[in-house]
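Count residues from 1 along the sequence. In each ligand, atom 1 is the first atom listed, and ligand 1 is the first ligand listed.
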Amino acid sequence: MIPAPFDYVRPTTLDEAIRLLAANGDEAKLLAGGHSLLPLVKLRLANPKILIDLSRISGLSGIRQEGDQIIIGALTTHYEIESSELLKQACPLLPETARMIGDVQVRNRGTIGGSLAHADPAADLPAAILALGAELRLTGSDDERWIKGEDFFLDLMTTVLKPTEIITEIRVPVLSGRFGTAYLKMPQKASGFAIVGVAVWIKVEDKACTAIGVGVTGLGAKPFRAKEVEKKLWGKRIDHTFIDADASHVDHGIDPLDDIHASAPFRAHLARVYTHRAIQEAVKRAGVSMPSR
Ligand SMILES: Cc1cc2nc3c(=O)[nH]c(=O)nc-3n(C[C@H](O)[C@H](O)[C@H](O)COP(=O)(O)OP(=O)(O)OC[C@H]3O[C@@H](n4cnc5c(N)ncnc54)[C@H](O)[C@@H]3O)c2cc1C
């Protein structure tokens, strides 16, 4: 558990961090909360020559509303998301999801940017980011781009981030009208990571689903948006029959992970059960009462 030697720098501006990143390329690693990176460095699974600590860069954390969007700085901690009154009102799926991450120490240090960049297939926030149709701002030395959450994750712990880019912000829509959200997961007992986790937001008008987002983590090598389920539910009248039938499409086209925590068939089963429950809970929170079976 002794890391290989590395240099440590703590820039105070984003420009300086980007310059350092561009100058050191693959040899450099950004450090945010350190809760995923430092264990890897200690185990020598990651051997950066230089760590660029983002923690002193002002403007990279905080949560603010701009029109119908909420902008979250990449260094915003899970605890800050969990306790944000603005998010609780305007986008409650994120606080609900952040509250279920690890334990209080992890939530006090871990950041949304670090969680998304790390792209652990069992991380919680990606499910909510995907369900909400959030976008990430990636800032590099030459350019800056906004990318949709669903285009960000490529594979197991792999994203579209270039070695010279930093996630600087995440934007999510202010939810309005009659809506409900829910994040449910089967946690791995020791760490809290999701064996399967499902995030849902649903908009309801006249007892029909007029918009829906379903994000899934833990099931496959990367988090994904369950488009098959969304397609089936969109525009339909809400009742038990359609939720039962349509949630079963969640593992469509997915190769489920198979490890010591859960076999592939069990994970697929969990995904269907949790998708069903998360949709039902979101519908309930939207104030729609369904007739008992
Ligand atoms: C005991 C334990 C339990 C945990 N349980 C859970 C859980 O239940 N659910 C869950 O989702 N997570 C869990 N985590 C992970 C936790 O949420 C981490 O905080 C998160 O995965 C990484 O965030 P970080 O800020 O610590 O990133 P770091 O560890 O600092 O960085 C992680 C990676 O992201 C890169 N990076 C960081 N910030 C940026 C940025 N702004 N732009 C580009 N790249 C960046 C780093 O270079 C590094 O490669 C757990 C961690 C521990 C130690």
Side-chain angles (χ1 to χ4, degrees), residues 3 6 8-11 14 17-18 20-22 24-43 45-57 59-61 72-82 94 96-130 136-140 144-145 147 152-153 157-170 183-197 199 215 217-218 223 261:
F6 57 83
Y8 170 83
V9 282
R10 200 166 58 186
L14 182 60
I18 289 169
L20 283 162
L21 203 51
N24 290 282
D26 283 346
E27 310 237 287
K29 268 283 180 195
L30 297 170
L31 177 68
H35 266 56
S36 294
L37 180 60
L38 293 186
L40 292 180
V41 170
K42 283 178 150 189
L43 291 166
L45 294 171
N47 293 299
K49 297 279 178 292
I50 175 168
L51 279 190
I52 304 170
D53 185 346
L54 299 175
S55 63
R56 293 293 162 94
I57 301 178
L60 272 193
S61 67
I72 304 168
L75 275 193
T76 307
T77 63
H78 306 324
Y79 173 72
E80 287 165 330
I81 290 174
E82 168 190 355
L94 278 178
E96 179 180 5
T97 306
R99 197 168 56 239
M100 293 171 75
I101 294 174
D103 55 34
V104 73
Q105 287 156 309
V106 173
R107 296 199 294 279
N108 270 331
R109 294 292 306 177
T111 65
I112 184 168
S115 177
L116 299 177
H118 192 60
D120 191 304
D124 295 293
L125 283 173
I129 289 298
L130 290 164
L136 286 70
R137 182 183 204 165
L138 312 183
T139 308
E144 186 161 78
R145 54 187 176 138
I147 185 151
F152 180 72
F153 301 101
M157 301 180 119
T158 310
T159 70
V160 298
L161 256 182
K162 296 181 196 152
T164 51
E165 282 179 326
I166 300 180
I167 304 175
T168 44
E169 289 179 335
I170 295 95
Y183 177 64
L184 299 181
K185 73 167 168 177
M186 156 80 86
Q188 198 269 321
K189 287 266 186 291
S191 67
F193 274 105
I195 291 176
V196 164
T217 188
H261 304 302

Legend entry - Straight-line distance of Thr164 OG1 to Leu20 CG, nearest 0.5 Å: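 If we round to the nearest 0.5 Å, Thr164:OG1 and Leu20:CG are 13.0 Å apart.
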Inset, instruction - Supply the atom-to-atom distance Asn108 CG to His35 NE2, rounded to the nearest 0.5 angstrom. - result: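 NE2 of His35 is found 8.5 Å from CG of Asn108.
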Between [X] and ligand 1, which residue portion shows a heavy-atom distance shorter than 4.0 Å: side chain, backbone, both, or neither?
| X | value |
| --- | --- |
| Ala74 | side chain |
| Gln105 | neither |
| Val106 | side chain |

Looking only at non-hydrogen atoms, which of [options] approaches [atom] most closely?
| atom | options | result |
| --- | --- | --- |
| atom 6 (C) of ligand 1 | Gly102, Gly197, Ala190 | Gly102 |
| atom 22 (C) of ligand 1 | Ser36, Ala17, Pro163 | Ser36 |
| atom 37 (C) of ligand 1 | Gly114, Gly73, Ala119, Ala194 | Gly114 |

Please confirm whether [X] approaches ligand 1 to less than 4.0 Å, judged on its heavy atoms.
| X | result |
| --- | --- |
| Asp120 | no |
| His78 | yes |
| Lys185 | yes |

Just jot down the ligand 1 atoms closer than 4.0 angstrom to any heavy atom of [X], in number order.
| X | value |
| --- | --- |
| Leu161 | 43 (C), 44 (N) |
| His35 | 18 (C), 19 (O), 26 (O), 29 (O), 53 (C) |
| Lys29 | 47 (O), 49 (O) |
| Ala117 | 34 (O), 35 (C), 36 (N), 43 (C), 44 (N), 45 (C) |
| Gly33 | 24 (P), 25 (O), 26 (O), 27 (O), 30 (O) |

